[in-house]
2 protein chains.
Amino acid sequence: MVTLAEVAQHAGVSASTVSYVLSGKRSISATTRQRVEESIRELGYHPNAGARALAGKRSNIIALMVPLRTDMYVPVMMEIAIAVATTARTHGYDVLLLTGEEGPDAVRRVTGSGLADAMILMDVELEDERLPLLRETWQPSVLIGLPADTTGLTCVDLDWSATGALCVEHLAGLGHRDIAVIGEAPAVYERHTGFAERTLDGLRARARAADLRVLHRPCEGGYDAMALTLSRIFDERPGTTGFVVQNESAVEPLLALLRQQGRAVPEDVSVVAICPDQVAVQASVRLTSVAIPAQEMGRHAVERLVAKLEGRDGDEVVLLAPELTVRASSGPAPAAP
Amino acid sequence: MVTLAEVAQHAGVSASTVSYVLSGKRSISATTRQRVEESIRELGYHPNAGARALAGKRSNIIALMVPLRTDMYVPVMMEIAIAVATTARTHGYDVLLLTGEEGPDAVRRVTGSGLADAMILMDVELEDERLPLLRETWQPSVLIGLPADTTGLTCVDLDWSATGALCVEHLAGLGHRDIAVIGEAPAVYERHTGFAERTLDGLRARARAADLRVLHRPCEGGYDAMALTLSRIFDERPGTTGFVVQNESAVEPLLALLRQQGRAVPEDVSVVAICPDQVAVQASVRLTSVAIPAQEMGRHAVERLVAKLEGRDGDEVVLLAPELTVRASSGPAPAAP
DNA sequence: GAGAGGTGTCGAAGCGCTTCGACTCCCCTG
DNA sequence: CAGGGGAGTCGAAGCGCTTCGACACCTCTC
């Protein structure tokens, strides 16, 4: 393993000079710089991460806490994670992958050991038990998600409330009066995951304003669960003509069941999904949808975090504006019979 | 930030004693150990990761290279990644998340800098350009996937060849003679991803032995692509009664299209999927399938790796035996008309 | 009752890097 | 032409930990 000292010797300069060439923190003459860079290349030198972290008091690592649960929005999570890793690299950071398993202890361990310089948390609950720890540590952090109380925190998220409102607005504009919301699995609401509840709030508020009726039903994914949910919905509100779906694994079952029941999309019922674009265009009916900008969220989170690390920025809540794309699954409400 | 020296002082012992309490590398009297542990707890001490890595010459970090492509088997990738992270923690390791983006350079960077003690590579191609680097480095590594040449490498993978064979066997046993294989997207084959090609090989070999005909068609996910692929298949082989699907995002479209064409599953055609169990049971027809044991692969990879790190083990190829679960999508071939 | 052999603890020497202060040139200014 | 100041380089002092050898003390054994 090549060390900085060896590079220095090879280039005929002192160790500190090599260090300054690397960091650019002091001016170095062009010729010296070239000589050093040449030596680095020739010897295949890579600075030792541990030594660097020790001496420099920063590890150049960002910790990313992903949820352990693999039952929800998995591709979105993955996309965020990859965007985080990729963006972090462009800023010279590596990413440490933590699962939710350790819970709050992971926060303590990472901040205490100096393993990472900062952290990004995903899957934030409204009253997340990791938040007190984040507030009292001096390490910068960014949440992907929005807790109930954001004081002293930096958050990046899709504006879920606006997303819910947008869906209702679209359906209202098409003349629908009775709307059913197919939500995430019950467990997601039970643990008060921010995005699910906020979507619902936004949706209901707008529905009230536009004077439509909303029936919300959580739903596990899959056909059987969806079949049950759907029949209950039509039992309770036979006049339902608009659907908002916020559960990727319910999308296809819903479409299939509607078809099976002889309800045409979009002639008889309209469907608006909240899902990644890829899912929307690959569905059996190209879905009118509000996209979940996974990449953008990951990228934003890293950029906020780097800004904080460099002291360029303070706390802030960034809510991305939702965008609804009209595709083939929504249309005018049928005339009342 | 609390240091080891402070703990030592607080406990009234020397720094080295604290270190030995932590590592257990020398015997320590019960009373001393207790006193030290008490101090550690009281002060909330966490060993500094950088210093540890520097002095101990190991970082206790495992690097995980995941593919950048998010177009394929995403939930499986995520499940593997999470299993890796979780298992690694139980062995005292953390996981560094690298994306394929940097390519072979990432290998150099990580081994060179001592950032990680070992690496796990996913999405291995038959002639992967990262392999030469792995072979010449002294750092242990494990591949999740199987390249063409495995000398000097440790690999963990599902036995895809046996998986392909198993699917054919099942269909052959039910009397099917003409089988279509819906594969991954063309790009996956073009870059010679191991699992896709091996599945095909195993499948064809067994088909030859059992004297059935196989028609293989790569397929992008989604309805449109699947519709096109399916019509081509029936054009070319109208007598096709068995399907093997190795592409999660083609599963549901296939089922829907078959239904639409009036071909009943499993009465007219049988479908065998290669996919995670969750997908199989959530599909509109509960699918006969060979499971992709993502968790097990991740766990195995870490365990092999830890064994190598501790010098307990050498190179080895671990192929997990596939298991086929019969569900509702496969049945006896219809009598020839 | 002296030597052998454990057991438990300590001090000191690094690990490879960053950074601070100091030093040497050399050019510019008045 | 002296003095000030910037540019470029170096030496040395850590950063917080691990580990090696040394040492003290204690318990056996013959």
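Naming convention: chains lettered A, B, ... in sequence-line order (proteins, then strands); numbering from 1 in each chain.
Projected onto DNA chain C by closest heavy-atom contact, B:Val13 and A:Leu4 fall at different nucleotides, the more 5' of which corresponds to B:Val13. Both A:Thr17 and A:Met1 lie close to DNA chain C; mapped to their nearest nucleotides by heavy-atom distance, the more 5′-ward contact belongs to A:Met1.
Note on A:Thr3: only backbone sugar-phosphate atoms sit closer than 4.0 angstrom, heavy atoms only; bases stay farther off.
With hydrogens and angles left out, the side chain of A:Ser16 and the base of D:dG11 share a donor-acceptor pair within 3.5 Å. Side-chain atoms of A:Tyr20 and base atoms of C:dC17 include no donor and acceptor less than 3.5 Å apart.
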Under 3.5 Å between N/O atoms: give me all the protein pairs with nucleotides 4-8 of chain D, atom names plus distance.
{"from": "D:dG8", "atom 1": "OP2", "to": "A:Ser27", "atom 2": "OG", "distance (Å)": "3.1"}

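Recorded end-axis angle for the helix from C:dG1-D:dC30 to C:dG30-D:dC1 stands at 40°, based on five pairs per end and rounded to 10 degrees.
Heavy-atom distances under 4.0 Å link DNA chain C to B:Leu54, B:Ala55, B:Lys57 of residues 39-57 of chain B, given in residue order.
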For this session: Go through the steps for B:Arg135 and B:Asp149 under the test salt bridge (charged side-chain N to carboxylate O under 4.0 Å, His left out), then give the verdict.
Result: CA-CA 11 Å; B:Arg135 288 206 180 87; B:Asp149 176 10; 3.7 Å; yes

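At C:dT18, none of the side-chain N or O atoms of A:Lys25 fall inside 4.0 Å of OP1 or OP2 (strictly under the cut-off). Using a 4.0 Å cut-off, some side-chain N or O of A:Ser14 falls inside it from OP1 or OP2 of D:dC10.
Taking atom CD on B:Glu6 and atom P on D:dG16, their separation rounds to 8 Å, with Å as the unit. The CG atom of A:Leu115 sits 14 Å away from the C1' atom of D:dG16 (whole-angstrom rounding).
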